[in-house]
Amino acid sequence: MPELPEVETVARGLRRAILGRRIVSVSLGKTDFIDDPVALEQHLPGRQFEAVERYGKFMLLRLSAAANGHGEPASLLVHLGMTGQIAPIPAGQPRGKHTHVSLLLDDGRELRYTDARRFGRMAYLTETPLAEELAGFGADPLEVGSEEFRSRIQGRRARIKALLLDQTVLRGVGNIYADESLWRARIHPARLGAQLSKREAGTLCRVLKEILKKAIVMRGSSISDFLDAEGEPGEYQRHHRAYGREGKACYRCQTSVRRAIVAGRSSYFCPKCQPGPRGFALLPLRGKTRKRKNRRNARRPSARL
DNA sequence: CGTTGAACCTGTTTGC
DNA sequence: TGCAAACAGGTTCAAC
């Protein structure tokens, strides 16, 4: 679920909520998504949150050295996977079925991590292992220049969609923003990286940046279950032009938006605005008559982790 | 190098 | 109505 704009939104929320707070105790549920659960229990109590950073789709919760003066500075690395949520809540609330990490803070609240599918990841890392962990990631799509962007895709025979999703090429882009930027740049997801003209690559780089920045302002996209650190959904889904719009009219030319599997993922695009490889297979339209049920999307969920 | 499919796990939506 | 298949914002790995 969470891509760069969603993770950035969560990170900003956490920054306001937990900076300066000290961890009192740790309570774990299922731990198969945690690198070393015992390390969390051993090293987190007594530490203070000193900074919250985002690196691609990862969040880095920077921790002070241990209270006793021993122990090196370290970080709690958090990846939200597809369904991860992290938010501080008043202590004592009943723990949800999928809440697997709860950090009691010194102000009486609990920082809780909830993740139904447990595709996320959590790890306690000191400086050196952290640096190793983060080495090898690609450019920050918010900062990358068109020159570097081009150098990272030119000469690659992989499909542009696969390259956008590849975290060693760019860090932070996922399925939604890959499709949205390709639609805006009028580039078919199955085109090969090496096939893009200099102009196309430049356009893609520019619109990707614009879309991500706008999405951050709108606090991310909530399709079904993304909630930020305040328990609020984002609003950028209202601006989607391709993602999830199968069968609906293209905003530019009214042609029906189609779906195909590219790089192993559902990919949405306008077959007219984004001409692709000859005979590229579209998937048959699905979800024909979609009745508009009570979109419980409209509801404003309150933080309940 | 690249692609595809499966796996990880649970919940929700769609199709017959 | 019911049940099974398909699908979901991600990542990784084996096989070709």
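Values below: all heavy atoms of this structure, side chains included; hydrogens, waters and symmetry mates excluded.
Rounded to a whole angstrom, the distance from the C1' atom of C/dG10 to that of B/dC1 is 23 Å. If you take atom P in B/dG5 and the same atom in C/dA6, they sit 13 Å apart, rounded to whole Å. Here the separation of C/dC3 from B/dC9, taken at their P atoms, is 25 Å to the nearest Å. As rounded to the nearest Å, B/dT4 and C/dC7 have P atoms that lie 16 Å from one another.
Taking atom OH of A/Tyr177 as the reference point, atom C1' of C/dG10 lies 15 Å away to the nearest angstrom. A straight line from CZ of A/Arg156 to C1' of B/dT3 spans 13 Å, rounded to a whole angstrom. Whole-Å rounding puts the A/Asp115 CG to C/dT11 P distance at 13 Å. Distance A/Arg118 CZ to B/dC9 C1': 6 Å, rounded to the nearest Å. In this structure, CG of A/Leu165 is placed 13 Å from P of C/dA8, rounded to the nearest angstrom. Rounded to whole Å, atom P of B/dT10 lies 10 Å from atom CZ of A/Arg117. Whole-Å rounding puts the A/Gln85 CD to C/dA8 P distance at 19 Å. For the pair A/Ile261 CD1 and B/dA6 P, the computed distance is 12 Å after rounding to whole Å.
For an aromatic pair to be called close, the ring centres must be under 6.0 Å apart, and A/His100 with A/Tyr113 fails this.
Summarising the local packing, CZ of A/Arg157 is surrounded by 12 or fewer heavy atoms from other residues, nucleotides or ligands at distances under 6.0 Å. The neighbour count for A/Lys272 NZ, taken as heavy atoms of other residues, nucleotides or ligands under 6.0 Å away, does not exceed 12.
Linking Ile, Leu, Val, Met, Phe, Trp and Tyr whenever their side-chain heavy atoms come within less than 4.5 Å leaves A/Phe58 and A/Ile34 in two separate clusters.
Using modelled atom types, no side-chain atom of A/Arg159 and backbone atom of A/Leu163 make a donor-acceptor pair closer than 3.5 Å. Put simply, the side chain of A/Ser64 gets close to the backbone of A/Gln48: a donor and an acceptor are under 3.5 Å apart.
Checked options A/Arg191, A/Arg150, A/Arg186; the residue passing with A/Glu200 is A/Arg191 (criterion: side chain to side chain donor-acceptor pair (under 3.5 Å)).
Between A/Arg62 and A/Glu53 there is a salt bridge, with a side-chain nitrogen of the basic residue lying less than 4.0 Å from a carboxylate oxygen of the acidic one. Salt bridge status for A/Asp179 with A/Arg241: absent, with no side-chain N to carboxylate O gap under 4.0 Å.
A/Lys30 has a side-chain polar atom (N or O) that falls below the 4.0 Å cut-off from OP1 or OP2 of B/dT10. Distances shorter than 4.0 Å separate none of the side-chain N or O atoms of A/His79 from OP1 or OP2 on C/dG10. For A/His98, no side-chain nitrogen or oxygen approaches OP1 or OP2 of B/dC9 to under 4.0 Å. Contact between the side-chain N/O atoms of A/Ser266 and the OP1/OP2 oxygens of C/dA8 is found at a separation under 4.0 Å.
The aromatic ring of A/Phe119 is stacked on the base of B/dC8, with the two ring centres less than 5.5 Å apart and the planes inclined by under 30°.
When heavy atoms are screened at a 4.0 angstrom cut-off, A/Tyr243 is found touching the sugar-phosphate backbone but no base atom. Within the 4.0 angstrom heavy-atom criterion, only backbone atoms of the sugar-phosphate kind lie near A/Gly174; the bases stay farther away. Across all strands shown, A/Arg159 has heavy atoms under 4.0 Å from sugar-phosphate atoms exclusively, and none from any base. Nucleic acid contact for A/Tyr268: sugar-phosphate only, since backbone atoms but no base atoms lie under 4.0 Å from a heavy atom of the residue.
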Worksheet item: What dot-bracket string describes DNA chain C from 5' to 3', counting Watson-Crick and G-U wobble pairs whose defining distances are under 3.5 Å, with [ ] for crossing pairs and | for pairs to another strand?
Response: .|||||||.|||||||
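Judged by atom type and distance alone, A/Arg286 does not reach the base of C/dA6 through any side-chain donor-acceptor pair under 3.5 Å.
Listed nucleotides: B/dG11, B/dC9, C/dT11. Nearest to the side chain of A/Asp32: B/dC9. Relative to the side chain of A/Lys97, the nucleotides B/dT3, B/dG11, C/dA8 differ in distance, and B/dG11 lies closest.
The residue among A/Phe58 and A/Arg259 whose nearest nucleotide of DNA chain C lies closer to the 5′ end is A/Arg259.
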